[in-house]
Undergrad: 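The structure that follows is given in the form of structure tokens.
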Amino acid sequence: MGTDITGDGEPSSPLPVPDGLDDNGFPLSNSPTSAAAATSSFADDFYRSGIDWSSLRAAPSPSPSEEPGKKKSGGFLVQRSLFQAWGLDKRPRREEEAAGVMGGAEAGASSAPSVSWPGRKRRRGGEVESAADRKPLACPFYKKIPGTPFTVDAFRYGAVDGCYAYFLSHFHHDHYGGLTKKWCHGPIYCTALTARLVKMCLSVNSEYIYPLELDKEYVIEGVAVTLLEANHCPGAALIHFRLRDGKTYLHTGDFRASKSMQLHPLLQRGQINLLYLDTTYCNPKYKFPPKEDVIDFAVRTAKRYLQKEPKTLIVVGAYSIGKENVYLAISKALQVPIYTDASRRRILHSFGWLDLSKKICSDSQSSSLHVLPLSSLRHEKYLETLKQRFLAVLAFRPTGWTFSEATGNQLDLIKPSSRGKITIYGVPYSEHSSFSELREFVMFLRPQKIIPTVNVGNAASRDKMQAHFREWLKGFDTTIVPPVPKSEEQPISSVKVKIGILCSDAEKVSNFQSCTGC
DNA sequence: GCGATCAGCT
DNA sequence: CACAGCTGATCGC
């Protein structure tokens with residue numbers, strides 16, 4: 001598909017990787033299926049296309065004469081130096097173990113390998129390896145940003161060789177997995193909202209956390225970095241990188257593509273060399289309506305049920321963060337406060353989203369609108385206990401999975417599941433792009449190359465996605481319009497923001513801007 | 001006991 | 001299917 005972007009030549013000799021993984025962090029199949037071949041051809045394809053992935057590779061044998069501290073450009077980056085520079089000359093004592101090498105759910109861990117590969121610890125049926133025997137996880141190549149010392153959402157691999165800056169796209173478990181209060185592998189860059197959650201919920205040391213404002217260009221390790229609203233959960237960001245040589249990459253983290261994104265000056269047609277794409281629903285079978293329509297449907301449904309039975313408890317299922325607009329809209333429409341437990345209240349209040357905060361109450365008795373973990377919607381205990389105060393329960397389970405070929409965009413065709421006085425509606429409220437939204441986004445952007453970041457654990461699924469990408473980009477030449485006039489050395493940034501100074505908590509809070517995507 | 005991780009599950 | 005977790009078991013400290 002793409003033409004050579006860099007002409008930088010072939011990557012250097014591969015890093016030593018743990019047994020059982022290829023040098024991109026993909027598991028080597030034990031069985032002689034086509035999966036192994038397809039895996040390597042997938043990765044090879046990216047290598048062949050001329051992207052220089054070598055910058056994230058440590059020198060084959062780190063030269064002892066290498067000056068401590070980081071090298072800004074050229075040559076290899078040696079992680080060891082960074083630890084020395086920080087006086088943290090210590091690798092983690094226990095490397096993360098090789099489990100879910102595909103990087104957790106967002107990488108399709110469960111579709112990847114039911115095969116177990118060497119290095120994976122077995123706990124059941126068989127011998128148990130000791131922790132010391134375990135091999136470290138390899139960071140998969142699609143989490144690394146070529147030509148930079150950056151990774152995105154790569155916290156479960158311990159210290160990643162050559163990585164000086166760890167970006168966190170948003171605060172969902174499958175992206176921050178591995179982040180704990182013991183984190184000491186390097187600075188973490190994310191939005192201010194995500195930064196607060198990382199500190200509050202994971203107790204990560206503030207000295208490692210660097211909150212960035214949306215739409216502001218920062219220069220980090222010589223690379224211009226801008227975070228953009230991702231239209232996913234509060235604090236979620238697209239990450240835009242502009243390298244010194246003019247190459248431009250966009251990492252979508254998790255996002256829901258929208259028409260308004262096309263208006264962003266950094267997302268103009270033909271300006272992205274490499275797109276790391278959230279391909280969660282990159283399959284034509286995933287159709288769902290705009291979020292507004294789903295919210296409208298939930299509000300209408302709630303009103304209808306309340307009319308029939310005024311003593312109805314409305315329940316909205318939600319993960320830690322995300323889906324706030326569903327229950328906020330119901331709260332506003334029905335003029336009822338939102339009850340949820342203390343831990344979620346703490347998180348929601350931390351958003352600094354005043355409209356939401358003022359609706360939250362801590363007394364379950366005084367509210368007929370409750371927000372629960374999605375898992376509680378299965379257990380009927382909670383619903384049962386509340387039946388003492390309410391005569392009926394109407395629950396919403398908002399997820400992009402709630403789709404049906406038949407219903408498609410027709411919300412009124414949704415059939416709830418009912419048992420007694422308890423009714424549960426699965427509503428197709430998605431915080432990821434639908435297939436058609438993905439297609440429109442990609443066809444607008446016309447990136448030179450696309451790396452899917454979700455559903456990559458399965459070779460067949462990767463091939464299907466690549467086929468879609470080819471189709472979408474067919475007929476367009478892949479010449480990238482330089483985002484800046486091609487002339488002499490470009491200053492990397494018009495608005496330079498100093499990075500490397502730790503903000504005080506007060507500064508970080510005052511920097512907070514209300515969540516535009518909410 | 002506590003925190004972290006994993007298999008299994010939805 | 002698997003969103004983005006949760007649960008219970010297990011391990012190291």
Side-chain angles (χ1 to χ4, degrees), chain A residues 92-116 119-126 128-134 136-137 153 155-158 169-183 197 201-204 232-234 236 253-256 278-286 288 291 294 317-323 326 341 343-344 347 372-379 381-382 397-405 417 424 426-435 453-458 460-461 464-465:
Chain A
R93 288 233 311 279
R94 185 162 47 102
E95 294 276 6
E96 294 206 351
E97 47 195 306
V101 68
M102 299 312 299
E106 101 273 23
S110 47
S111 57
S114 31
V115 297
S116 65
R120 186 186 191 103
K121 183 173 177 180
R122 291 152 170 262
R123 282 216 169 83
R124 295 180 191 192
V128 175
E129 297 172 36
S130 78
D133 295 336
R134 280 177 252 159
L137 268 177
D153 298 339
F155 298 95
R156 44 189 314 135
Y157 315 100
S169 65
H170 64 289
F171 194 75
H172 274 159
H173 186 255
D174 51 337
H175 292 257
Y176 67 66
L179 252 189
T180 70
K181 64 177 169 194
K182 290 179 191 160
W183 178 263
L197 292 169
C201 303
L202 308 177
S203 307
V204 170
H232 181 62
C233 64
D254 278 357
F255 83 131
R256 182 157 183 184
D278 165 20
T279 43
T280 300
Y281 296 124
C282 188
N283 181 320
K285 74 179 175 189
Y286 295 120
F288 32 75
K291 291 196 276 193
V294 182
Y319 295 123
S320 56
I321 69 172
K323 325 285 184 187
V326 177
D341 67 22
S343 91
R344 189 190 301 270
I347 290 168
L372 299 182
L374 273 170
S375 55
S376 324
L377 295 188
R378 281 186 294 122
H379 305 206
K381 277 186 187 169
Y382 186 85
R397 176 193 284 275
T399 161
W401 276 123
T402 307
F403 78 96
S404 150
E405 302 283 2
S417 77
I424 302 180
V427 288
Y429 185 87
S430 175
E431 290 177 333
H432 294 271
S433 317
S434 69
F435 181 78
T453 60
V454 185
N455 298 322
V456 294
N458 172 291
S461 138
K464 271 186 194 160
M465 292 192 289

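Order of the sequence lines sets the chain letters (A, B, ...), proteins ahead of strands, with each chain counted from 1. Quantities reported herein were computed from a predicted structural model and do not represent experimental measurements.
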Undergrad: Round to a whole Å and report the spacing from NZ of Lys182(A) to C1' of dT5(B).
TA: 11 Å
Undergrad: Could you check whether His232(A) gets within reach of a base, just the sugar-phosphate, or nothing at all, counting any heavy atom under 4.0 Å?
TA: sugar-phosphate
Undergrad: When you measure from the side chain of Arg256(A) to the backbone of Ser434(A), do you find a donor-acceptor pair of N or O atoms at a distance under 3.5 Å?
TA: no
Undergrad: What's the CG-C1' distance between Asp278(A) and dA4(C), to the nearest Å?
TA: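 Between C1' of dA4(C) and CG of Asp278(A): 13 Å.
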Undergrad: Measure from the side-chain heavy atoms of Ser320(A) and tell me the nearest of dG5(C), dA4(B), dC3(C).
TA: dG5(C)
Undergrad: When the distance from OH of Tyr319(A) to C1' of dC6(C) is rounded to whole Å, what number comes out?
TA: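 Taking OH of Tyr319(A) and C1' of dC6(C), I get 9 Å after rounding.
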Undergrad: Roughly, in whole Å, what's the span from CG in Leu202(A) to P in dG3(B)?
TA: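 Value for this atom pair: 13 Å.
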Undergrad: In whole Å, I'd like the distance from the NE2 atom of His173(A) to the C1' atom of dA4(B).
TA: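 Atom-to-atom, His173(A) to dA4(B), this comes out as 10 Å.
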Undergrad: Using 30° and 60° as the class boundaries, would you call the ring planes of His232(A) and His170(A) parallel, tilted or perpendicular?
TA: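 Ring orientation, 0 to 90° scale: perpendicular.
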Undergrad: Could you tell me which residues satisfy ring-ring contact (aromatic ring centres under 6.0 Å, His included) with Phe435(A), sequence neighbours excluded, listed by chain and number?
TA: His468(A), Trp472(A)
Undergrad: Can you tell me how far C1' of dC3(C) sits from CZ of Arg256(A), to the nearest Å?
TA: 13 Å
Undergrad: Side-chain N or O of His432(A) versus OP1/OP2 of dA4(C): is the shortest distance under 4.0 Å?
TA: yes
Undergrad: Tell me, please, which residues at least two apart from Phe171(A) pass ring-ring contact (aromatic ring centres under 6.0 Å, His included).
TA: Tyr176(A)
Undergrad: How would you label the contact of Thr180(A) with the nucleic acid (heavy atoms, under 4.0 Å): base, sugar-phosphate, or nothing?
TA: sugar-phosphate
Undergrad: Among dG5(C), dC1(C), dA2(C), which nucleotide has an atom closest to any side-chain atom of Lys285(A)?
TA: dC1(C)
Undergrad: I need the OH-P distance between Tyr286(A) and dC1(C), as an integer number of Å.
TA: 10 Å
